[in-house]
Amino acid sequence: MEFNNILLRKGYAKIKLKKINTNHFELKVKLNKVKGRFILDTGASNSCIDINLAEKFKLEVQDSDTKAAGAGAIGMETKISSKNKIEINQWEYQNFTVVLLDLNHVNTALTEHCAEAVDGIIGADILEKGKAVINYETKCLYLKKLVYKF
């Protein structure tokens, strides 16, 4: 049986990825029902969104004492937003906490390589929550669907 079918039978959602000029994978995400463009970054500990897009994505923002570090930037101020809903194709997480920070350095690097700027980054927090499987050959991300008890 094909690997893809096994994952789907086990309750995974299949998410198509698009490879961009920087060799990152891009994916479409809905955050609080607002569509956005994100890159997948397995090295990012947390998913994040550009701090300037808080209003666009209907985020209730709180101060954070945490400083962020990433490729080419350290000691960046962050904010946090809790109790958000994120949807990636058929996968959704209803109590999602996202880090907000200035993604200007990320978007500058992307545009310098003729790639479009992004709204945010999907990091290891989502990948872990969804028990992620990435198939680089077929450019697909699989996330195990969460079960909510009401």
Side-chain angles (χ1 to χ4, degrees), residues 1-20 22-71 73 76-107 110 115-150:
M1 179 175 277
E2 193 177 313
F3 186 62
N4 170 55
N5 293 335
I6 293 170
L7 290 172
L8 295 176
R9 279 191 29 233
K10 291 195 173 275
Y12 278 76
K14 179 181 179 180
I15 298 139
K16 286 297 254 178
L17 301 169
K18 176 185 170 188
K19 198 170 201 178
I20 60 174
T22 59
N23 282 332
H24 285 97
F25 284 123
E26 177 187 287
L27 60 160
K28 305 291 185 208
V29 171
K30 280 189 193 173
L31 181 57
N32 299 326
K33 299 190 179 188
V34 178
K35 292 179 182 179
R37 295 178 57 255
F38 287 65
I39 55 173
L40 182 65
D41 186 348
T42 59
S45 56
N46 289 89
S47 296
C48 54
I49 193 156
D50 190 288
I51 199 159
N52 300 308
L53 300 176
E55 193 173 311
K56 173 185 174 179
F57 288 101
K58 305 172 190 169
L59 301 174
E60 290 183 27
V61 179
Q62 300 153 350
D63 288 330
S64 170
D65 292 332
T66 304
K67 301 280 188 211
M76 292 180 290
E77 299 290 327
T78 65
K79 298 209 179 267
I80 196 162
S81 178
S82 302
K83 298 181 182 160
N84 298 290
K85 181 179 180 184
I86 188 167
E87 299 169 81
I88 308 172
N89 195 1
Q90 305 274 306
W91 186 85
E92 68 179 53
Y93 181 22
Q94 295 182 8
N95 196 17
F96 176 57
T97 298
V98 65
V99 174
L100 293 92
L101 58 121
D102 185 349
L103 290 181
N104 193 40
H105 68 288
V106 171
N107 282 320
L110 290 172
E116 289 183 56
V118 294
D119 299 316
I121 297 168
I122 297 299
D125 55 343
I126 291 289
L127 299 176
E128 185 175 7
K129 187 77 175 174
K131 300 178 181 170
V133 175
I134 302 171
N135 185 329
Y136 286 89
E137 183 181 357
T138 62
K139 297 180 184 68
C140 289
L141 167 67
Y142 296 88
L143 295 174
K144 178 107 167 125
K145 292 179 186 174
L146 303 174
V147 177
Y148 292 97
K149 296 177 183 171
F150 297 98

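Quick note: residue numbers are just sequence positions, from 1. Quick caveat, the model's predicted, so the values are computed rather than measured.
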Write down the atom of L17, the atom of C140, and the distance for their closest heavy-atom approach.
CD1-C, 3.9 Å
Do the non-hydrogen side-chain atoms of V133 and L7 ever get within less than 4.5 Å of each other?
yes
More than 12 heavy atoms of other residues, nucleotides or ligands under 6.0 Å from NZ of K56: yes or no?
yes
Would you mind reporting whether Y142 and N4 have side-chain heavy atoms less than 4.5 Å apart?
yes
In short, D119 meets G36 closest at the heavy-atom pair OD2-CA, 3.1 Å
Would you check if the side chain of S81 reaches a backbone N or O of E60 as a donor-acceptor pair within less than 3.5 Å?
yes
Please test E26 against R37 for salt bridge (charged side-chain N to carboxylate O under 4.0 Å, His left out), starting from the C-alpha separation and ending with a verdict.
CA-CA 7 Å; E26 177 187 287; R37 295 178 57 255; 2.3 Å; yes
Regarding D50 and N52, do their side chains bring together a donor and an acceptor under 3.5 Å, going by distance alone?
yes
Closest non-hydrogen atom pair, L110 against H24:
CD2-ND1, 4.4 Å
Is there a side-chain contact between K85 and E92 in this structure, where contact means two heavy atoms from C-beta onward sitting under 4.5 Å apart?
yes
Does atom CD of E55 have more than 12 heavy-atom neighbours, drawn from other residues, nucleotides or ligands, at distances under 6.0 Å?
no
Let me confirm one number: the NZ-CG distance from K79 to L59, rounded to the nearest 0.5 Å.
12.5 Å
Looking only at atom types and distance, does a side-chain atom of N107 sit under 3.5 Å from a main-chain N or O of V118, one as donor and one as acceptor?
yes
Looking only at atom types and distance, does a side-chain atom of D125 sit under 3.5 Å from a main-chain N or O of S47, one as donor and one as acceptor?
yes
What is the minimum heavy-atom distance between K28 and I88, and which atoms define it?
O-CG2, 4.0 Å
Using a 6.0 Å cut-off, check whether atom NZ of K131 has over 12 heavy atoms from anything other than its own residue.
no
Rounded to the nearest 0.5 angstrom, the CG-CG distance for L141 and L127 is 6.5 Å
Mind checking whether F38 and F57 have parallel, tilted or perpendicular rings, split at 30° and 60°?
perpendicular
Shortest non-hydrogen pair, N32 vs K58, comes out as ND2-O, 3.4 Å
When rounded to the nearest 0.5 angstrom, what is the spacing between NZ in K18 and NZ in K139?
12.5 Å
Please assess K33 against E87 for the test side chain to side chain contact (heavy atoms under 4.5 Å, CB included), listing each intermediate value before the final yes or no.
CA-CA 8 Å; K33 299 190 179 188; E87 299 169 81; 4.2 Å; yes
For the CG atom of N84 and the OG1 atom of T97, what is their distance to the nearest 0.5 Å?
7.0 Å
Does the side chain of I86 reach to within under 4.5 Å of the side chain of W91, using non-hydrogen atoms?
yes
How close do I49 and L103 get, heavy atom to heavy atom, and via which atoms?
C-CD1, 3.8 Å
K83 atom NZ: more than 12 heavy-atom contacts under 6.0 Å
no
To the nearest 0.5 Å, what is the distance between CG (L143) and CD1 (I134)?
8.5 Å
Between N89 (side chain only) and K14 (backbone N and O only), is there a donor and an acceptor less than 3.5 Å apart?
yes
